[in-house]
Asks: 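Structure below; questions to follow.
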Amino acid sequence: MGTTTALRRALKVKFFAHLLSTGFEIDQRHAPHFLDFRRFKPDKVEFISIQWEKFGRPRFNLMFGTTGRNGTISHGKHIQPGDVDPGSAPVYLCLYPLGNGSSTRHWFRQDRPLWQSILKGTRLRDADEVISDLQRLSSQVDDFFSTGQVGPNCRQIINPWAANAA
C-alpha cells in the first residue's frame with residue numbers, strides 16, 4: 001500500500017460522499033494530483049479542489065471559491081464553467097488546519113513533524129484523524145459559499161490574470 005492510500009480512501013468515503021450529496025460533481029481529469037468538484041447554482045459556480053502533495057507524502061490542500069455562471073477569462077482565454085478551477089478563478093481560498101501559510105506543513109497531513117514522531121513513536125496519524133480535522137473546519141467552506149465570509153483558517157488568493165466572464 002502506498003503512503004497516501006489510507007488517507008485517499010478515508011477522504012473518498014467520508015468527505016467526497018458528503019460533497020456529492022450536497023450537489024457537487026466530481027471531475028477527475030487531473031487525478032491523481034488534483035481532484036475538482038463543482039456545484040452549479042443559478043448565478044454562480046462553486047468549486048472545491050483537492051491538491052495532493054507532489055512528492056507523495058500523505059498531505060493535501062483544500063482550495064475553494066466561486067465564479068460567475070459564464071465561467072472566467074484567464075490569461076486571455078475563456079474558461080467554461082465546467083472547467084473552472086483555482087488557477088482560473090479571479091479569487092479563491094485555501095483552508096489550512098495548521099496556520100495560514102502556503103507551505104505543505106500547514107496542509108491537512110497524516111505525517112507528523114519529526115519531533116512529534118519521536119515523542120509519539122509513530123510517523124503517521126490515523127487517516128480518520130485527518131478527515132476529522134477537515135470535517136471540523138469544513139463549516140468555513142460552507143459559510144463562504146452561503147455568506148461570503150472568510151473563515152479564520154482560510155487564506156484568500158487573488159489571481160490578477162483572471163476575471164469572471166461576461
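Owing to the predicted nature of the structure, the values given are computational and were not obtained by experimental measurement. The chain is numbered in sequence order, starting from 1.
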Asks: Under 4.5 Å between side-chain heavy atoms, hopping through other hydrophobics if needed: is there a path connecting Leu93 to Phe34?
Replies: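 Per the 4.5 Å side-chain linkage, Leu93 and Phe34 are not co-clustered.
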
Asks: Excluding sequence neighbours, so at least two apart, what forms ring pair (Phe, Tyr, Trp, His ring centres under 6.0 Å) with Phe40?
Replies: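 Once residues adjacent in sequence are excluded, Phe40 has no partner under the ring pair (Phe, Tyr, Trp, His ring centres under 6.0 Å) criterion.
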
Asks: Not counting sequence neighbours, which residues clear ring pair (Phe, Tyr, Trp, His ring centres under 6.0 Å) with Phe144? List them please.
Replies: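 Only Phe64 meet the ring pair (Phe, Tyr, Trp, His ring centres under 6.0 Å) criterion with Phe144.
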
Asks: Take atom CZ of Arg136 as the centre, draw a 6.0 Å sphere, and report whether it contains more than 12 heavy atoms from other residues, nucleotides or ligands.
Replies: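 Atom CZ in Arg136 is crowded, with more than 12 foreign heavy atoms closer than 6.0 Å.
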
Asks: Between Phe16 and Ile50, is any pair of side-chain heavy atoms under 4.5 Å apart?
Replies: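 In short, these two side chains touch, coming nearer than 4.5 Å.
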
Asks: Applying the side-chain contact (heavy atoms from CB on, under 4.5 Å) criterion to Leu7, which one of Arg109, Gln110, Arg57 satisfies it?
Replies: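 Going through Arg109, Gln110, Arg57 one by one, the side-chain contact (heavy atoms from CB on, under 4.5 Å) with Leu7 is satisfied by Gln110 alone.
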
Asks: Looking at His78 and Asn70, would you say the former's side chain and the latter's main chain have a donor-acceptor pair under 3.5 Å?
Replies: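 Pair found, side chain donor or acceptor close to backbone of Asn70.
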
Asks: Can you hop from Ile48 to Leu20 via hydrophobic side chains spaced under 4.5 Å?
Replies: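 The answer is yes; both residues are in one hydrophobic cluster.
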
Asks: Can you confirm whether Pro32 sits close enough to Arg8 that some side-chain heavy atom of one is under 4.5 Å from a side-chain heavy atom of the other?
Replies: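 Result yes, sub-4.5 Å side-chain heavy-atom pair found.
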
Asks: Please work out whether the ring planes of Phe108 and Phe60 are parallel, tilted or perpendicular, with thresholds of 30° and 60°.
Replies: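 Rings of Phe108 and Phe60: parallel, as their planes differ by under 30°.
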
Asks: If Ile, Leu, Val, Met, Phe, Trp and Tyr residues are connected whenever their side-chain heavy atoms lie under 4.5 Å apart, and connections chain through other members, are Leu137 and Phe15 in the same group?
Replies: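 Same hydrophobic cluster.
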
Asks: Please name all residues satisfying ring pair (Phe, Tyr, Trp, His ring centres under 6.0 Å) with Phe47, sequence neighbours left out, ordered by chain then number.
Replies: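 Not a single residue meets the ring pair (Phe, Tyr, Trp, His ring centres under 6.0 Å) criterion with Phe47.
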
Asks: Decide whether Leu134 and Phe37 are clustered together by the hydrophobic rule: side chain heavy atoms of Ile, Leu, Val, Met, Phe, Trp, Tyr closer than 4.5 Å, transitively.
Replies: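 As far as the 4.5 Å side-chain criterion goes, Phe37 and Leu134 are connected within one cluster.
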
Asks: Distance from Tyr96 atom OH to Arg105 atom CZ, nearest 0.5 Å?
Replies: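 Output value for this atom pair is 11.5 Å.
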
Asks: Determine, using the 4.5 Å side-chain heavy-atom cutoff (strictly less than), whether Trp52 and Ile26 are members of one ILVMFWY cluster.
Replies: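 Yes, same cluster.
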
Asks: Side chain to side chain donor-acceptor pair (under 3.5 Å): which pairs involve residues 141-157, sequence neighbours left out?
Replies: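 Output for this query lists Gln140-Asn153.
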
Asks: Side chain to side chain donor-acceptor pair (under 3.5 Å): which pairs involve residues 10-23, sequence neighbours left out?
Replies: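 As it turns out, the side chain to side chain donor-acceptor pair (under 3.5 Å) pairs with a partner in residues 10-23, which skip direct neighbours, are Lys14-Asp128.
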
Asks: Look only at the side chain of Ser88 and the backbone of Ser74, and say whether a donor-acceptor pair between them is shorter than 3.5 Å.
Replies: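 Not confirmed, Ser88 side chain does not pair with Ser74 backbone.
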
Asks: Could you list all the side chain to side chain donor-acceptor pair (under 3.5 Å) pairs where at least one residue sits in residues 29-38, not counting sequence neighbours?
Replies: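 Applying side chain to side chain donor-acceptor pair (under 3.5 Å) to every pair that reaches into residues 29-38, excluding sequence neighbours, yields Asp27-Arg29, Asp27-Arg38, Arg29-Asp83, Asp36-Ser49.
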
